[in-house]
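Only one structure is covered here, and it is reproduced in the block below.
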Amino acid sequence: MDDLSLFVLDIVQNAIVAEAEDIAVAIREDSSQDTLVLTVVDDGRGMDPMTVERAVDPFFTTRTTRKVGLGLPFLMMAAELADGSFAIESDPGVGTVVEARFVRSHVNTPPLGDMAESLYTICLHQNVREFRYAHVCDGRRFDFSLGEIRTILDGVPLTAAGIGAYLKSYIKEHIITTRGEYR
């Protein structure tokens, strides 16, 4: 995977397969500490300790559609190549927390990618009841909640004409502002 937005899509897909209804993604960037931390929290089935250990083995997967599971091993490898770290905490019946830490300025730290497209894609999944995204960078913050968007839309589907383009533009502009990437 080339960027963090694709890792987010993959991990959230894992959460959806694990029957999560409430999923939260957070990215915390700190220039003074030179860190970028990606965290995904879900309320899915969770995993027992043995499954957690095997989750970073590329030849282990609980999916029946293929025999490999590459998302978590690739994310762990990306974090370690960027002098960062990787951790999974999970409890059966409670959910899972995946955290990848990167040295922000490291040449191997993946770029953010098209996070707006990834977040919109996640929002379209019919099994996601709530999806939240928080992006914090050097004291600036952007919060996005699918539940709030649904309330504002008052029954208008996310696939209605113009809604997708508006949401992606809204998310992209707020992430640019949060990251201090003014145009």
Inter-residue atom distance [X].[atom1] - [Y].[atom2], 0.5 Å rounding:
X	Y	atom1	atom2	value
D3	T109	CG	OG1	13.0 Å
L81	H106	CG	NE2	8.0 Å
L4	M115	CG	CE	6.0 Å
R45	T51	CZ	OG1	10.5 Å
E53	I88	CD	CD1	10.5 Å

Heavy-atom pair with the smallest gap, counting every atom of [X] and [Y]:
X	Y	answer
V52	S90	CG2-CB, 3.7 Å
D42	A15	OD2-CB, 3.5 Å
A55	M47	CB-SD, 4.3 Å
S31	R104	OG-NH1, 2.6 Å
A79	S85	CB-O, 3.4 Å

Verify, without hydrogens or angle tests, whether D34 (side chain) and S105 (backbone) share a donor-acceptor contact under 3.5 angstrom.
-> yes

Hey, is the main chain of Q33 close enough, under 3.5 Å, to the side chain of D30 for a donor-acceptor pair?
->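 Confirmed, D30 side chain pairs with Q33 backbone.
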
Would you check if [X] and [Y] make a side-chain contact, meaning some heavy-atom pair closer than 4.5 Å?
X	Y	answer
D43	V94	no
E29	H135	yes
L167	F144	yes

Pairwise salt bridge (charged side-chain N to carboxylate O under 4.0 Å, His left out) hits with a residue in residues 71-88, at least two apart | none

Salt bridge (charged side-chain N to carboxylate O under 4.0 Å, His left out) contacts touching residues 147-165 (sequence neighbours left out) = none

By side-chain contact (heavy atoms from CB on, under 4.5 Å) - contacts of [X] (at least two apart):
X	result
I11	V40, L72, L75, V98
R132	D22, A24, E130, S145
V156	L153, A160, I163
D143	A134, R141

Check each of V12, I16, D10 against N14 using the side chain to side chain contact (heavy atoms under 4.5 Å, CB included) test, and report the only one that passes.
-> D10

Do [X] and [Y] share a hydrophobic cluster, counting only Ile, Leu, Val, Met, Phe, Trp and Tyr and linking them when any side-chain heavy atoms are less than 4.5 Å apart?
X	Y	answer
V103	V136	no
L112	L9	yes
L146	V25	yes
I175	I149	yes
V56	L38	yes

Counterpart residues, salt bridge (Lys or Arg N to Asp or Glu O under 4.0 Å), relative to E89 (two or more places apart) | none

For E21, check salt bridge (Lys or Arg N to Asp or Glu O under 4.0 Å) against everything at least two apart and list the hits.
->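 Applying salt bridge (Lys or Arg N to Asp or Glu O under 4.0 Å) to E21 gives R129.
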
Could you go through residues 117-125 and list every donor-acceptor pair under 3.5 Å that involves a side-chain atom there, pairing it with any protein atom two or more places apart or in another chain?
from : atom 1 : to   : atom 2 : distance (Å)
E117 : OE1    : K168 : NZ     : 3.2
S118 : OG     : S5   : O      : 3.2
Y120 : OH     : L158 : O      : 2.8
T121 : OG1    : E117 : O      : 2.8
H125 : ND1    : N127 : N      : 3.1

Shared-cluster residues of V41, by chain and number - hydrophobic side chains joined below 4.5 Å =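 Cluster partners of V41: V97.
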
Can you list the residues that meet the ring pair (Phe, Tyr, Trp, His ring centres under 6.0 Å) rule with H174, with sequence neighbours excluded?
-> F142, Y170

Only counting residues at least two apart or in another chain, list the ones meeting ring pair (Phe, Tyr, Trp, His ring centres under 6.0 Å) with F102.
-> none

